[in-house]
Every structure is written in C-alpha cells, then in structure tokens.
Amino acid sequence: MAIAEADFMNSLFNDTVKSRMKLGAYFDWEYDSMKRAKANGVIPDQKLITDMTVAWCERVRQLGFIAGYYVNEDYTKQKLFDFDRLVKYRKWYARYSSKAKPVNSFLHQYTSKGSIKGITTNVDISKIV
C-alpha cells in the first residue's frame, strides 16, 4: 500500500511540478493514520511503520524525488520508528519550539499556529535546519 501511495502521489504531478520539488516528498504517519489503521483491524508497530516508510521512500527515490519522512516529537518518544533504518532519508521533525534545533533533521516544523497572508486559519510553519 505504501508503494501504491507513492505511485498515486507521482501521478498527481506533471514534469514542471516535479522539477520544482527541491525539498523532496515526505511520508507522513500521524495520529489519523494510526486511528484509520486500527479501525481496519491493523495494529501498527515500530516494524510495520518503519517498513511502510522505507517502502514509500524507496519508491519515491525510484520515481526521481528526494525522499523523506515526517515525524512528531510524541512519536519519537514512543519509538514508533526505527530511526537506524531511516538514516538515508530526510527527516522532517515536528517539535513546537522555534528555539530548539531538532537533531539530525532536514526540516523543523516549529508551530501549528502560524499565519500566512490570504489564509484565514492557522497553518503549520517549518524551516530548513
């Protein structure tokens, strides 16, 4: 399924969009992902979540993108990813502090309460670290 998701993502982009994706494409496993899996009778553990992340990232690389994964501070504390298996992919780390530099991360999402002109709701804000 992770490979199918990567293929679906690829189908959404034309060559112009692909050439402009300088930061890469990221696998995103979050609370809703866990909830949906459990509702479908799957109990994801560290091995399964990491296997899906690796499968997605490898397929994304085959498709010509820089590959990465998104992880939040809570999931890091719970050890839901085997980070030793993910070192060759970029990490996008969500920790809500603009002062704390995430270790071994490419991107840092430091708030979910950002604002951007023209958007009326709060937005996530990240920076390259």
Contact summary for [X] and [Y], nearest pair of heavy atoms:
X      : Y      : value
Trp29  : Pro44  : CZ2-CG, 3.6 Å
Cys57  : Ala67  : O-CB, 3.4 Å
Ala6   : Val60  : CB-CG2, 3.9 Å
Asn122 : Ser112 : CB-O, 3.4 Å
Ala25  : Met9   : CB-SD, 3.7 Å
Ser19  : Thr16  : OG-O, 2.8 Å

Linking Ile, Leu, Val, Met, Phe, Trp and Tyr through side-chain heavy atoms less than 4.5 Å apart, which residues share a cluster with [X]?
X     : value
Val87 : none
Leu23 : Tyr26, Tyr70, Trp92, Phe106, Leu107, Ile128
Ile3  : none

Quick one: does [X]'s side chain get under 4.5 Å of [Y]'s, heavy atoms only?
X      : Y     : answer
Gln109 : Asn72 : no
Lys18  : Asn10 : yes
Arg36  : Glu30 : no
Lys88  : Arg61 : yes
Arg90  : Tyr69 : no

Once you round to the nearest 0.5 Å, how far does [atom1] of [X] lie from [atom2] of [Y]?
X     : Y      : atom1 : atom2 : answer
Thr53 : Phe27  : OG1   : CZ    : 4.5 Å
Glu73 : Gln78  : CD    : CD    : 11.5 Å
Arg20 : Asn14  : CZ    : CG    : 9.0 Å
Leu63 : Ser11  : CG    : OG    : 10.0 Å
Leu86 : Asn104 : CG    : CG    : 12.0 Å

Under 4.5 Å between side-chain heavy atoms, counting indirect links through other Ile/Leu/Val/Met/Phe/Trp/Tyr residues: same cluster for [X] and [Y] or not?
X     : Y      : answer
Met1  : Val54  : no
Ile66 : Val71  : no
Tyr89 : Val129 : no
Phe65 : Val17  : yes

Counting N and O atoms only, with roles assigned by atom type, does the side chain of [X] sit under 3.5 Å from a partner on the main chain of [Y], one being a donor and the other an acceptor?
X      : Y     : result
His108 : Ala94 : no
Gln46  : Lys79 : yes
Asn40  : Val42 : no

Does Glu5, at its CD atom, have more than 12 non-hydrogen atoms belonging to other residues, nucleotides or ligands within less than 6.0 Å?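 Atom CD in Glu5 is not crowded, with 12 or fewer foreign heavy atoms closer than 6.0 Å.
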Please walk me through it: do Thr76 and Tyr93 pass side chain to side chain contact (heavy atoms under 4.5 Å, CB included)? CA-CA 9 Å; Thr76 300; Tyr93 188 64; 3.2 Å; yes
Using a strict cut-off of less than 4.0 Å between a Lys/Arg side-chain nitrogen and an Asp/Glu carboxylate oxygen, indicate whether Arg85 and Asp51 qualify as a salt bridge.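 The answer is yes: the pair qualifies as a salt bridge.
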Presence of salt bridge, Lys47 and Asp82, under 4.0 angstrom: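 A salt bridge is absent here (no side-chain N lies under 4.0 Å from a carboxylate O).
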Given Asp124 and Tyr96, is the side chain to side chain contact (heavy atoms under 4.5 Å, CB included) satisfied, shown in steps? CA-CA 10 Å; Asp124 297 341; Tyr96 294 160; 4.3 Å; yes
Within 45° of the axis and under 6.0 Å from the centre of the six-membered ring of Phe81, does NZ or CZ of Lys91 qualify?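 Cation-pi check for Lys91 and Phe81: fails.
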So, do Tyr75 and Tyr31 have ring centers that fall under 6.0 Å from each other?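 Yes, they do, as the ring centres are separated by less than 6.0 Å.
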After noting the C-alpha distance and the side-chain angles of Ile125 and Tyr110, does the key distance pass the side chain to side chain contact (heavy atoms under 4.5 Å, CB included) rule? CA-CA 6 Å; Ile125 303 288; Tyr110 59 89; 3.0 Å; yes
Between Met34 and Leu80, does the side chain to side chain contact (heavy atoms under 4.5 Å, CB included) criterion hold? Intermediate values first, please. CA-CA 11 Å; Met34 190 69 81; Leu80 290 183; 3.8 Å; yes
